[in-house]
**Student:** 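Shown below is the structure under consideration.
Each chain gets a letter, A, B and so on, in the order the sequences are listed, and its residues count up from 1.
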2 protein chains.
Amino acid sequence: MAGVVDETKRKRRSGCPVSVSLEIFGDRWSLLILRDLMVRGYRTFKEFEQAGEGIATNVLADRLRRLEGAGMLTRKMEDSDGRRGIYRLTEKGIDLAPVMLELLVWGARHEQTGAPCGVIDHMATNREAVLKEVRRRWEEQDPTPFLPRFQGSGLKTQKL
Amino acid sequence: MAGVVDETKRKRRSGCPVSVSLEIFGDRWSLLILRDLMVRGYRTFKEFEQAGEGIATNVLADRLRRLEGAGMLTRKMEDSDGRRGIYRLTEKGIDLAPVMLELLVWGARHEQTGAPCGVIDHMATNREAVLKEVRRRWEEQDPTPFLPRFQGSGLKTQKL
DNA sequence: CCGGATCCGTTTCGATACTG
DNA sequence: CAGTATCGAAACGGATCCGG
């Protein structure tokens with residue numbers, strides 16, 4: 001039974017916030033999964049698999065398990081279809097929203113990305129309001145938690 | 001000549017801010033190095049080696065090179081001692097301060113760490129002031145950039 | 001089909017010894 | 001001191017297989 005990571009051998013870091021945080025998402029994929037949950041509203045294995053840019057299924061399964069173990073997300077099976085799993089952020093997970101927001105702003109500024117400037121500017125300027133709205137949507141289990149609703153938006157979250 | 005990572009084979013991600021950011025610090029060590037520069041004021045190879053909790057020297061050298069290549073920091077040799085390298089954050093690097101601050105706050109809240117609550121609370125409450133001060137110190141090349149100066153402080157940065 | 005688990009070749013890491 | 005060379009051990013990525 002070799003998922004991918006042998007949990008018993010993971011290195012313990014000392015108790016600094018940054019160090020400990022990196023135990024949870026200090027790898028190539030975990031933060032992307034959290035973004036998918038938080039910004040894009042993804043919920044199923046399939047969505048993560050196709051959206052994260054090419055993650056292997058075994059690695060994805062491993063990361064989901066680890067993130068669940070770290071209390072960042074929960075997994076449960078859909079009532080109507082027992083085989084389809086639904087992943088949701090925990091409160092600990094959604095509390096990462098300020099970090100995610102700052103990261104989006106930083107990335108959009110310093111690495112010319114495809115992110116729509118209007119959206120990013122709005123997030124940078126109306127920080128508190130955006131975060132409050134994110135939190136409200138999460139509490140209501142609204143599937144599109146992060147983005148302000150723009151009129152003619154569409155699939156803008158794909159760019160974030 | 002095997003440093004550690006063959007740069008020519010690194011996977012390109014799509015142009016989303018989060019994805020692109022993770023190309024730079026989506027691993028176990030890069031963000032710790034940036035924290036050491038930003039929060040602790042470390043500058044030399046030796047300091048990073050001893051402070052990051054057990055990074056191998058070859059990996060450290062590789063990460064420093066990569067971060068330099070990504071424009072996050074600069075390396076130059078000390079005038080007095082030609083062999084001693086001095087690393088400093090670039091503007092792009094110091095612009096990551098808001099992300100770092102939110103990460104510190106999140107980590108201190110959700111993972112019982114050794115971080116002093118007073119300091120973290122202060123950062124969370126006086127966000128703008130702290131970030132402004134950080135930026136000011138960076139511009140002046142003050143070696144202790146992040147922490148508010150507390151009266152009897154000392155080595156509190158070790159806990160961040 | 002969906003959500004994984006298994007197998008296996010390749011890449012990266014980590015520890016340590018070594019060098020200018 | 002600031003790295004580089006070497007090498008065994010993990011982790012990754014891709015493909016395939018499987019239970020529900």
**Student:** Determine, for nucleotides 15-20 of chain D in 5'-to-3' order, which nucleotides have protein heavy atoms under 4.0 Å from the base (write B), from only the sugar-phosphate (write S), or from neither (write -).
**Tutor:** B----B
**Student:** For I33(A) and dG4(C), give me the distance from atom CD1 to atom C1', rounded to whole Å.
**Tutor:**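 Checked: the CD1 to C1' distance equals 14 Å.
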**Student:** Sequence neighbours left out, what passes salt bridge (charged side-chain N to carboxylate O under 4.0 Å, His left out) with E91(B)? Give chain and number order.
**Tutor:**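 For E91(B) the salt bridge (charged side-chain N to carboxylate O under 4.0 Å, His left out) partners, ignoring immediate neighbours, are R135(B).
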**Student:** State whether R43(A) places a side-chain N or O below 4.0 Å from either non-bridging phosphate oxygen (OP1 or OP2) of dG3(C).
**Tutor:**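 Result: no.
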**Student:** Take the protein atom CE of M77(B) and the nucleotide atom C1' of dG3(D), then report the distance between them rounded to whole Å.
**Tutor:**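 Taking atom C1' of dG3(D) as the reference, CE of M77(B) is at 9 Å.
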**Student:** Is any side-chain nitrogen or oxygen of R75(A) closer than 4.0 Å to OP1 or OP2 of dG4(C)?
**Tutor:**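 Result: yes.
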**Student:** For R43(A) and Y87(A), test the side chains for any donor-to-acceptor distance below 3.5 angstrom and give the result as yes or no.
**Tutor:**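 Their side chains do not contain a donor-acceptor pair, so the 3.5 Å distance test is not met.
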**Student:** So which heavy atom on A97(B) is nearest to which on F146(B), and how close?
**Tutor:**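 Smallest interatomic distance, heavy atoms only, reads O-CZ, 4.1 Å.
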**Student:** Mind checking side-chain hydrogen bond (donor to acceptor under 3.5 Å, both in side chains) for E128(A) and listing every partner two or more places apart, or none if nothing turns up?
**Tutor:**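 Per chain and number, E128(A) pairs via side-chain hydrogen bond (donor to acceptor under 3.5 Å, both in side chains) with no residue.
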**Student:** For Y42(A) and dC2(C), what is the distance between atoms OH and P respectively, to the nearest whole Å?
**Tutor:**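 Rounded to whole Å, this separation is 15 Å.
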**Student:** What nucleotide, of dG4(C), dG3(C), dA2(D), holds the atom closest to the side chain of K46(A)?
**Tutor:**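 Comparing dG4(C), dG3(C), dA2(D) against the side chain of K46(A), the answer is dG3(C).
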**Student:** Measure the distance from CZ on F48(A) to C1' on dG3(C) and round it to the nearest whole Å.
**Tutor:**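 Rounding to the nearest Å, CZ of F48(A) and C1' of dG3(C) are 12 Å apart.
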**Student:** From M38(B) CE over to W138(B) CH2, what is the distance, rounded to the nearest 0.5 angstrom?
**Tutor:**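 Going from CE on M38(B) over to CH2 on W138(B), the span is 10.5 Å.
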**Student:** Answer yes or no: does a side-chain N or O of Y87(A) lie under 4.0 Å from OP1 or OP2 of dC2(C)?
**Tutor:**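 False: Y87(A) side-chain N/O out of range (4.0 Å or more) of dC2(C) OP1/OP2.
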**Student:** Can you list everything that forms a side-chain hydrogen bond (donor to acceptor under 3.5 Å, both in side chains) with T90(B)? Sequence neighbours excluded, please.
**Tutor:**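 Not a single residue meets the side-chain hydrogen bond (donor to acceptor under 3.5 Å, both in side chains) criterion with T90(B).
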**Student:** What's the closest nucleotide to the T44(A) side chain, out of dC13(C), dA11(D), dG3(C)?
**Tutor:**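 It is dG3(C).
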**Student:** Rounded at 0.5 Å granularity, tell me how far CG in L73(B) sits from CZ in R65(B).
**Tutor:**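 Spacing of CG (L73(B)) from CZ (R65(B)) equals 12.0 Å.
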**Student:** Over its full length, what angle do the end axes of the helix from dC1(C)-dG20(D) to dG20(C)-dC1(D) make, each axis taken from five pairs and the result rounded to 10 degrees?
**Tutor:**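 It comes to 30° between the two terminal axes.
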**Student:** Out of dC13(C), dA2(D), dA11(D), which has the shortest distance to the side chain of V59(B)?
**Tutor:**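 Nearest to the side-chain atoms of V59(B), counting from C-beta on, is dC13(C).
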**Student:** When the distance from NZ of K76(A) to C1' of dC2(C) is rounded to whole Å, what number comes out?
**Tutor:**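 About 19 Å, once rounded to whole Å.
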**Student:** Out of curiosity, does L96(B) fall in the hydrophobic cluster containing V20(B) (side-chain heavy atoms, cut-off under 4.5 Å, transitive links)?
**Tutor:**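 Not linked; separate clusters.
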**Student:** Toward the 5' end of DNA chain C, which comes first, R28(A) or R84(A), by nearest nucleotide?
**Tutor:**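 Final value for this comparison: R84(A).
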**Student:** In this structure, how many angstroms lie between the P atom of dC12(D) and the CD1 atom of I55(A), rounded?
**Tutor:**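 Spelled out: CD1 on I55(A) to P on dC12(D) is 9 Å.
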**Student:** Nearest 0.5 angstrom please: I86(B) CD1 to R84(B) CZ, how far?
**Tutor:**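 Reported value, rounded in 0.5 Å steps: 6.5 Å.
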**Student:** Compare side-chain N and O positions of W29(A) against OP1 and OP2 of dG13(D) and report whether any pair is under 4.0 Å apart.
**Tutor:**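 Yes, within the criterion.
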**Student:** What pairs with E78(A) under salt bridge (charged side-chain N to carboxylate O under 4.0 Å, His left out), at least two apart in sequence or on another chain?
**Tutor:**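 Partners of E78(A) by the salt bridge (charged side-chain N to carboxylate O under 4.0 Å, His left out) criterion come out as none, since no residue qualifies.
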**Student:** Return the value, rounded to whole Å, for the distance between atom CG of D27(B) and atom C1' of dT11(C).
**Tutor:**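 Between C1' of dT11(C) and CG of D27(B): 14 Å.
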**Student:** In whole Å, I'd like the distance from the CG atom of D62(B) to the C1' atom of dG3(D).
**Tutor:**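 Atom-to-atom, D62(B) to dG3(D), this comes out as 12 Å.
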